[in-house]
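These numbers come from the heavy atoms of this one structure, side chains and all, not from hydrogens, waters or symmetry mates.
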Amino acid sequence: MSKRRVAYYYDQDAGAYTYGLGHPMKPHRIRVTHDLVNAYGMLDKMHILKPKRASPETMSSFHTDEYVNFLNRVTPETAEELTYHGTRFLVGEDNPAFEGVFEFCSISAGGSIGAAQQIASGATDIAINWAGGLHHAKKREASGFCYINDIVLGILELLRTYPRVLYIDIDCHHGDGVEEAFYTTDRVMTCSFHKFGEYFPGTGTQEDRGRGKGKGYAINVPLKDGITDESYRSVFEPIITKILEVYRPSAVVLQCGTDSLSGDKLGCFNLTMHGHAHCVQFLRQQNIPLILLGGGGYTVKNVARAWTYETACALGIEDTLDPHLPWNEYFEWFGPRYRLEVMGSNMEDLNIKDGSLEKVRKQANTYMYRITALEQLQELISAPSVGMHDVPRDSIGEHLGFGRDEEEGRDELDLQLAQRARYVYDLQESDSPSETSDDDNSWDSDESLSSRRYDTRRYPKTSPSRGARMSLLTGQYFDVPSHEHGYGHFEHGAVPGKTAKRRFFQSAARWDENIESVILAKHVASPQLQIPLGELMERGGILGEEEDGAGEEWEDVPVEP
């Protein structure tokens, strides 16, 4: 194989965190993998980089400010209070508020962002971050052991330079967080091969293929238990080949979740190490800039074996590796065979038994052609174009030397702005939800796609309620109150049974469709004021200090346009 420039991101602190006693997610697997990679002498063949830890501002390029601020503050002792008794941000038992959760997230996100920057700058051909790949995290909520979606942050960094990015997910679980983030754009195509049917997160049917401008750019391949190397390869290669032919991505991000390996504690596939690594080998042969990320994987010794072998695949030296493991710090973990292998089992392949695999292949190609093969070929005959502009490599503030210096503290103006920001946030909390009609454009909503796809027509057996969440640990659905302490944490302003429009910036002012006028939350004791709309906009929807009625009842006051 021809040589590739490979960048390898690793922070030794990543393996020092723990989700808690008995939790299946073990960050220590990253340390075990690195030690095995080092034992095989591969570090000398790569560019080893320690990722710059992602800042809260960087994380906020996708996640909400409130959620990032919560992760930065939460501790095991304060989790009950800050999550409002488990109904906000960290819902259920899958995502504990362990010690150092924000630092762990900053390492994971920093590695994926750094890998994207290396690829975009042309400094490397393949970038690896085994601490990344946390594909379930949502915009304002942790999910499936994932708190910060490093994949989305990395892809956003790639989009600063590249017009089109392809995301491929071979984790046993559906990559719902990444798909949801790019569900309405054609600049990112997502393709997920996953187990479907009474399995976390419950999304990822072949009917989920994007909305609006992103229609047709989300590909889902739902599979059944026990799929083998041969069956997986027969599905993976033709679908990815067709995507590369039609979409022509500028870069590819591959999430290498190893819970699709045989014998995983939470997985249900029957892939061997070589069958899993074939996906890496196949994409390496395409000569497209490639990012390899981690993901799921809960049998630690098999995770380390697979990611070590796939690191060798990135370097093109997998044929030279000795199958007998070299001595390393965790050598005894790999007993009793002490070999670089993950063997398949005698698990029955249900995909072949009922012929569903052939249906998946046929329907997946149908989705590539949209409704019919001819129509899809006409629509996606050439890659979607995008107007690209020169993007500064850093912000204007950083370029001018105005970076934040925590040691110097804040001046008086900073304190005044912070005080006003807190005041605006209080007004947002008291703002009542708006009701909008459920029209054809209801997809443009900040509502979680996962909750929106739960339809009794599609899921007649489980039919979870609108605010239901599925647990990765137990596979059971549980309900969460949609409104707690004045915060609609799932619907974000939606009335039960209806879909809310996306509201990027909330304020005390809103539009009332019934009277066709701006409604302003106003203190009851004060007389009703008729405020011109222009003046209201100048104020940013904020009342004067003399009109502040915090802590008392409010009512809606019409404002003349």
Side-chain angles (χ1 to χ4, degrees), residues 1-12 14-15 29-51 111-112 114-133 154 158 166 168 170 229 233 236-237 240 244 251-258 261 271-295 297 301-330 334 339-342:
M1 284 190 177
S2 59
K3 288 186 177 181
R4 298 285 193 279
R5 296 171 299 169
V6 179
Y8 176 88
Y9 282 84
Y10 176 72
D11 189 319
Q12 61 183 359
R29 64 198 178 139
I30 303 167
R31 170 70 184 275
V32 179
T33 300
H34 178 78
D35 195 74
L36 191 56
V37 168
N38 184 34
Y40 270 108
M42 284 187 267
L43 296 183
D44 295 338
K45 301 177 176 62
M46 300 183 291
H47 186 196
I48 311 301
L49 297 167
K50 183 177 181 180
S112 297
Q117 292 172 342
Q118 280 287 109
I119 290 291
S121 66
T124 189
D125 302 311
I126 301 176
I128 301 174
N129 177 34
W130 295 131
L158 288 175
L166 170 62
I168 304 173
I170 59 175
D229 293 354
R233 182 172 181 172
F236 183 86
E237 285 194 3
I240 298 303
L244 295 177
V252 177
V253 178
L254 177 63
Q255 197 265 19
C256 304
T258 54
L261 289 171
L271 297 181
T272 68
M273 180 186 73
H274 292 88
H276 191 272
H278 174 74
C279 301
V280 178
Q281 295 170 326
F282 180 79
L283 288 170
R284 186 183 188 274
Q285 295 170 359
Q286 309 306 315
N287 293 324
I288 301 175
L290 176 64
I291 296 179
L292 301 180
L293 303 176
K301 60 182 179 181
N302 288 346
V303 174
R305 287 179 171 125
W307 287 348
T308 298
Y309 186 75
E310 287 166 4
T311 302
C313 291
L315 291 168
I317 60 172
E318 63 271 25
D319 294 334
T320 66
L321 297 185
D322 187 348
H324 298 281
L325 292 176
W327 173 259
N328 60 86
E329 183 179 351
Y330 303 96
F334 300 96
R339 291 176 59 87
L340 187 65
E341 62 182 8
V342 178

Say whether, by atom type as modelled, one donor and one acceptor occur between the side chain of [X] and the main chain of [Y] under 3.5 angstrom.
X	Y	answer
Arg284	Cys313	yes
Arg339	Pro323	no
Asn328	Pro326	yes
His276	Gly257	yes
Arg305	Val342	no
Tyr10	Ile30	no
Thr124	Ala7	yes
Arg5	Gly122	yes

Mind checking whether [X] and [Y] have side chains closer than 4.5 Å, heavy atoms only?
X	Y	answer
Gln286	Ile240	no
Tyr330	Leu325	no
Asn302	Thr258	no
Leu158	Ile291	yes
Leu340	Tyr309	yes
Val32	Glu329	no
His278	Asp229	no
Val6	Met42	no

What is the distance from atom [atom1] of [X] to atom [atom2] of [Y], rounded to the nearest 0.5 Å?
X	Y	atom1	atom2	answer
Thr320	Tyr40	OG1	OH	9.5 Å
Leu166	Leu254	CG	CG	9.0 Å
Gln118	His47	CD	NE2	6.5 Å
Asn287	Asp125	CG	CG	8.5 Å
Ile128	Leu49	CD1	CG	11.5 Å

Grab the two heavy atoms, one from [X] and one from [Y], that are nearest each other, plus how far apart they are.
X	Y	result
Leu292	Glu310	CD1-O, 4.3 Å
Ile170	Cys256	CG1-CA, 4.0 Å
Leu261	Thr272	CD2-O, 3.5 Å
Ala314	Ile126	O-CD1, 3.6 Å
Ala312	Leu321	CB-CD1, 3.5 Å
Pro289	Ile119	CB-CG2, 3.6 Å

Q: Carefully, step by step, assess Leu244 and Ile288 under the rule side chain to side chain contact (heavy atoms under 4.5 Å, CB included).
A: CA-CA 10 Å; Leu244 295 177; Ile288 301 175; 3.9 Å; yes

Q: Answer yes if the ring centres of His34 and Tyr8 are under 6.0 angstrom apart, and no otherwise.
A: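 Here the rings of Tyr8 and His34 have centres that are less than 6.0 Å from each other.
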
(Q) Does the plane of the ring in Trp307 sit parallel, tilted or perpendicular to the ring in Trp130? Use 30° and 60° as the thresholds. (A)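 Correct class here is parallel.
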
